[in-house]
Amino acid sequence: MPLVLLIDDHQEILATNSEYLAEVGIDVECADTGIKALDCLRAKRYDCVVLDVLLPDLDGFSICKAARTITDVPILFLSCMEETDDKVKGLMAGGDDYMVKPYSYEEFVARVQALIRRGGMGGASKTGYHVDTDKRIIYALGKGAVLSEREFMLFELMRANPEKSFSTEELLAIIWQGKAEANVVSTLVSRLRRKIGFAEEVIGRITSAYGAGYCMIPPNK
């Protein structure tokens, strides 16, 4: 069974979250201080960590940074701090997701399960970047890039199909449903390259070849 570490100084929150996770077959251990949490992470391998920001000894951002020297386990921030700067700070500290209190328990369980799946596949916590699909923002290397709707469609298509070439005609059909001129493709690709160029070392690079189309080459290629 998956094992999740819950880190929060509110016993009621720990008890309720533990109950909901147990209902879907997830084992839980709890820590109510940062020091206890880091001791747990040194002693055992978890499938996911749920981390509050406001704790009595260490703040969650510091705990996350320290945890990243120990483990690559997926980390979900669960906090009453709802400002965008707080969310960015959490993700840049090494977090994989961020939820604001109060929250839906159904969504909470779903996000934990998604992180467990991604961690099991060697997923997002190892990529070196984070994608906010709701706001279409890519965070990497301490920076962020906001994409337009079509830029984000192109990015998601290419990162889901690494090293696969897409012709101009294919991209026109997928992104514009064929209702645009061919020259818009090269313009869109150029804009996306420029926006994510700062993070090529963790995201990869978009290449083009005459007659073959466009593709994303992973960073280790």
Side-chain angles (χ1 to χ4, degrees), residues 1-120 123-135 137 139-144:
M1 294 174 66
L3 178 61
V4 170
L5 176 63
L6 302 181
I7 307 168
D8 202 302
D9 61 334
H10 290 83
Q11 296 302 317
E12 290 184 6
I13 292 177
L14 290 175
T16 303
N17 287 346
S18 296
E19 180 181 344
Y20 274 89
L21 292 175
E23 288 178 359
V24 296
I26 296 174
D27 284 338
V28 174
E29 292 185 359
C30 300
D32 56 7
T33 68
I35 297 299
K36 290 180 183 177
L38 292 174
D39 286 343
C40 290
L41 290 170
R42 292 187 186 98
K44 191 175 295 187
R45 170 71 190 186
Y46 296 89
D47 296 288
C48 182
V49 171
V50 179
L51 174 59
D52 188 17
V53 173
L54 301 177
L55 292 164
D57 53 353
L58 303 172
D59 68 77
F61 305 130
S62 299
I63 295 169
C64 188
K65 289 178 181 178
R68 283 290 169 247
T69 69
I70 303 169
T71 176
D72 60 359
V73 61
I75 295 176
L76 167 64
F77 277 96
L78 195 62
S79 174
C80 59
M81 299 171 65
E82 60 183 5
E83 296 298 322
T84 298
D85 287 348
D86 296 317
K87 297 177 183 179
V88 172
K89 190 174 179 180
L91 297 172
M92 289 298 99
D96 296 276
D97 200 357
Y98 195 110
M99 285 189 73
V100 176
K101 301 175 182 176
Y103 49 89
S104 156
Y105 287 107
E106 291 78 11
E107 182 183 359
F108 165 70
V109 171
R111 291 206 193 191
V112 170
Q113 289 175 316
L115 287 175
I116 290 172
R117 287 194 301 270
R118 285 159 54 185
S125 65
K126 297 183 180 180
T127 63
Y129 67 94
H130 172 80
V131 179
D132 185 327
T133 56
D134 294 329
K135 296 183 175 64
I137 303 175
Y139 301 100
L141 306 177
K143 300 179 181 179

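Just so you know, these numbers use all the heavy atoms, side chains as well, and skip hydrogens, waters and symmetry mates. Values in this document were obtained by computation on a predicted structure and should not be read as measured data.
- Judged as a salt bridge (charged side-chain N to carboxylate O under 4.0 Å, His left out), and not counting sequence neighbours, Glu19 has no contacts.
- In terms of heavy atoms, Asp52 sits closest to Asp9 at OD2-OD1, 3.8 Å.
- With sequence neighbours excluded, no residue forms a salt bridge (charged side-chain N to carboxylate O under 4.0 Å, His left out) with Lys65.
- Under the 4.0 Å criterion applied to side-chain N and carboxylate O atoms, Lys36 and Asp57 are not assigned as salt-bridge partners.
- The shortest distance between side-chain heavy atoms of Val112 and Asn17 does not fall below 4.5 Å.
- Side chains of Tyr139 and Lys87 form no contact here, defined as non-hydrogen atoms less than 4.5 Å apart.
- Of all heavy-atom pairs between Asp32 and Leu55, the closest is O-CD2, 4.1 Å.
- Residue Ile26 holds its CD1 atom at 9.5 Å from CG of Leu6, rounded to the nearest 0.5 Å.
- Counting heavy atoms from C-beta on, the side chains of Ser79 and Asp86 never come closer than 4.5 Å.
- In this structure, Lys101 and Ile13 have side chains that are in contact, with non-hydrogen atoms separated by less than 4.5 Å.
- With sequence neighbours left out, Glu106 forms a side-chain contact (heavy atoms from CB on, under 4.5 Å) with Ser104.
- Checked against Val4 for a side-chain contact (heavy atoms from CB on, under 4.5 Å), the options Ile116, Asp27, Val49 give a single hit: Ile116.
- Separation of atoms CD1 (Ile7) and SG (Cys40) is listed at 7.5 Å; rounding is to 0.5 Å.
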key: Derivation of the side-chain contact (heavy atoms from CB on, under 4.5 Å) call for Leu3 and Lys44   = CA-CA 10 Å; Leu3 178 61; Lys44 191 175 295 187; 3.5 Å; yes
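- Among residue pairs with one or both ends in residues 22-42, none qualify as ring-ring contact (aromatic ring centres under 6.0 Å, His included); sequence neighbours excluded.
- Note on Arg45 versus Asp72: salt bridge recorded, some NZ/NE/NH1/NH2 to OD/OE distance being below 4.0 Å.
- The structure places CG of Leu78 at 6.0 Å from CZ of Phe108, a figure rounded to the nearest 0.5 Å.
- When side chains are defined from C-beta on, Asp96 does not count as touching Leu76, because their heavy atoms never get closer than 4.5 Å.
- The OG1 atom of Thr16 lies 4.5 Å from the OH atom of Tyr105; values are rounded to the nearest 0.5 Å.
- Between Leu115 and Pro74, the shortest heavy-atom contact is O-CG, 3.4 Å.
- Under the 4.5 Å side-chain criterion, counting only non-hydrogen atoms from C-beta, Ile137 is not in contact with Val88.
- Here the CG-OG1 distance, from Asp8 to Thr33, works out to 11.5 Å after rounding to the nearest 0.5 Å.
- The CG atom of Asp47 sits 10.5 Å away from atom CE of Met1, with the distance rounded to the nearest 0.5 Å.
- Residues Gly25 and Pro2 approach most closely at O-CD, 3.7 Å, considering heavy atoms.
- In terms of heavy-atom proximity, Gly94 sits nearest to Cys64 at C-SG, 3.5 Å.
- Looking at residues two or more places apart in sequence or on another chain, you find a side-chain contact (heavy atoms from CB on, under 4.5 Å) between Leu58 and Ile35, Leu38, Ile63.
- The local environment of CD in Glu83 is sparse, with at most 12 non-hydrogen atoms from other residues, nucleotides or ligands closer than 6.0 Å.
- Listed here is the closest heavy atom pair of Leu41 and Ala67: CD1-CB, 3.7 Å.
- Among residues at least two apart or in separate chains, ring-ring contact (aromatic ring centres under 6.0 Å, His included) pairs with a member in residues 34-70 are Phe61-Phe77.
- Looking at Lys89 and Asp59, no side-chain N of the basic residue comes within less than 4.0 Å of a carboxylate O on the acidic one, giving no salt bridge.
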